[in-house]
Amino acid sequence: MSRNQTKRDVSTKTRRAIIDLLKQQGGMDVMALSSQFSLSGMAIRQHLNALKEEGLVTNIEESRPMGRPTKLWILTPAADRFFPSGYSDLSVSLIHSMKEAFGNEGLDKLLAVRNKNMQEQYLQHLGDTADVREKLEKLAKIRTNEGYMAEVKEQDDGSLLFIEKHCPICEAAAVCTGLCKNELHLFKTVLGNNVHIERGEYILAGGRNCVYTVRQNKLLFPSCHAE
């Protein structure tokens with residue numbers, strides 16, 4: 001392999017890693033990206049400019065309390081092709097076909113069957129786990145394997161955030177709102193009656209992520225730092 005080819009391969013891997021990081025973290029400035037990749041600011045800018053020429057990233061300005069606004073780099077919708085799509089074109093086509101064949105009522109029944117099957121699978125993976133945080137961590141692993149890039153974060157008030165950074169069925173959900181409605185019901189069911197969950201940020205409504213706030217009824221979650 002030639003030196004030039006090796007250099008191109010390294011650049012390709014670095015740019016894909018930048019895309020993955022921006023998907024995980026959201027907007028980042030050059031300094032933050034430099035520290036993550038141990039590269040100079042000039043090298044990072046070269047990668048970002050190359051990605052911008054491909055239409056995969058763009059930049060926005062974020063105001064700061066002091067000093068000039070900071071330039072943050074974010075992904076464009078075109079970068080979604082690097083992440084699982086859940087066979088979106090086929091899914092959308094099938095949804096339209098099911099509506100035509102069975103009507104909205106029939107589609108709802110099919111979604112209910114899908115939701116029931118997913119519920120059984122999730123409960124099997126969660127096992128007899130009683131702790132809500134542990135349940136969420138297991139659920140995050142399941143959802144990440146399905147392409148949702150999920151994680152759990154604890155809040156200062158003891159509540160938990162269940163965050164999904166990617167939606168592999170986004171295009172299908174846009175034409176079939178029942179998918180997202182059933183998803184929320186699915187989470188409520190597998191987490192149990194002693195948990196209150198509500199969706200705040202929502203990708204289909206323009207949010208960067210789908211974010212669910214999870215609170216245990218009556219009792220606060222134990223701190224992850226507790227002895």
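Everything numeric in this text was worked out from a predicted model, so none of it was measured. Along the sequence shown, residues carry numbers from 1.
With sequence neighbours left out, the salt bridge (Lys or Arg N to Asp or Glu O under 4.0 Å) criterion links Lys116 to Glu120. A search for salt bridge (Lys or Arg N to Asp or Glu O under 4.0 Å) contacts involving Glu198 returns Arg215, not counting sequence neighbours. Scanning for side-chain contact (heavy atoms from CB on, under 4.5 Å) contacts around Ala32 gives Met28, Asp29, with sequence neighbours left out. Residues satisfying the side-chain contact (heavy atoms from CB on, under 4.5 Å) test with Lys109, not counting sequence neighbours, are Glu105. For Ser35, the side-chain contact (heavy atoms from CB on, under 4.5 Å) test picks out no residue, with sequence neighbours left out. Residues meeting the salt bridge (Lys or Arg N to Asp or Glu O under 4.0 Å) test with Arg16, sequence neighbours left out: Asp20.
The hydrophobic cluster around Val211 extends to Leu161, Ile163, counting ILVMFWY residues whose side-chain heavy atoms fall within less than 4.5 Å of a member. Annotation for Ile60: hydrophobic cluster partners, listed by chain and number, are Leu72, Ile74 (ILVMFWY side-chain heavy atoms under 4.5 Å, direct or chained). When hydrophobic residues (I, L, V, M, F, W, Y) are linked wherever their side-chain heavy atoms come within less than 4.5 Å, Met42 remains an isolated member. Hydrophobic cluster of Val113: no remaining members, since no ILVMFWY side chain lies below 4.5 Å from it.
Put simply, Phe82 and Leu21 are part of the same group of oily side chains (I, L, V, M, F, W, Y) that touch within less than 4.5 Å, one to the next. Put simply, Ile203 and Val152 are part of two different groups of oily side chains (I, L, V, M, F, W, Y) that touch within less than 4.5 Å, one to the next. Using a 4.5 Å cut-off between side-chain heavy atoms of Ile, Leu, Val, Met, Phe, Trp and Tyr, with links allowed through other members, Met149 and Leu204 fall into different hydrophobic clusters. Hydrophobic clustering, with ILVMFWY side chains joined whenever heavy atoms are under 4.5 angstrom apart, keeps Met31 apart from Ile18. Placement of Val195 and Leu184 within a single hydrophobic cluster is found when ILVMFWY residues are connected by side-chain heavy-atom separations under 4.5 Å, directly or transitively.
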Carefully, step by step, assess Glu151 and Lys165 under the rule salt bridge (Lys or Arg N to Asp or Glu O under 4.0 Å). CA-CA 8 Å; Glu151 68 172 348; Lys165 300 176 181 179; 3.0 Å; yes
Go through Glu164 and Arg143 one step at a time and tell me if the salt bridge (Lys or Arg N to Asp or Glu O under 4.0 Å) criterion holds. CA-CA 8 Å; Glu164 294 185 333; Arg143 299 289 285 183; 2.7 Å; yes
Check step by step if side chain to side chain contact (heavy atoms under 4.5 Å, CB included) holds for Leu48 and Leu33. CA-CA 10 Å; Leu48 289 170; Leu33 286 165; 3.9 Å; yes
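Within 6.0 Å of atom NZ in Lys141, 12 or fewer heavy atoms from other residues, nucleotides or ligands are found, so the atom counts as exposed in its surroundings. A 6.0 Å sphere centred on CZ of Phe102 holds no more than 12 heavy atoms belonging to other residues, nucleotides or ligands. Few gaps surround CG on Asn117; more than 12 heavy atoms of other groups in view lie less than 6.0 Å from it.
We find the CZ-OG1 distance between Arg199 and Thr213 to be 11.5 Å, quoted to the nearest 0.5 Å. For the atom pair Leu39 CG and Ser34 OG, the distance stands at 7.0 Å (nearest 0.5 Å). Between atom SG of residue Cys210 and atom NE2 of residue His166 there is a gap of 11.0 Å, rounded to the nearest 0.5 Å.
Side-chain contact of Lys138 with His125: a donor-acceptor pair under 3.5 Å is absent, judged by distance alone.
The ring-ring contact (aromatic ring centres under 6.0 Å, His included) analysis of residues 142-162, with sequence neighbours excluded, yields the pairs Phe162-Phe187. Residue pairs meeting the side-chain hydrogen bond (donor to acceptor under 3.5 Å, both in side chains) criterion with at least one partner in residues 36-59, sequence neighbours excluded, are Arg15-His47.
Counting heavy atoms from C-beta outward, Lys153 and Leu160 have side chains that stay 4.5 Å or more apart. In this structure, the side chains of Lys23 and Leu75 come closer than 4.5 Å at one or more pairs of heavy atoms. At least one side-chain heavy atom of Tyr212 sits under 4.5 Å from a side-chain heavy atom of Glu183. Side-chain contact between Glu61 and Arg68 is absent, with no heavy atoms from C-beta onward closer than 4.5 Å. Using a 4.5 Å heavy-atom cutoff, the side chains of Asn194 and Val132 are in contact. For the pair Val30 and Trp73, the minimum side-chain heavy-atom distance is below 4.5 Å.
Between the side chain of Thr144 and the main chain of Ala150, a donor-acceptor pair closer than 3.5 Å is present. Proximity of a side-chain donor or acceptor of Ser159 to a complementary backbone N or O of Gln155 within less than 3.5 Å is not detected.
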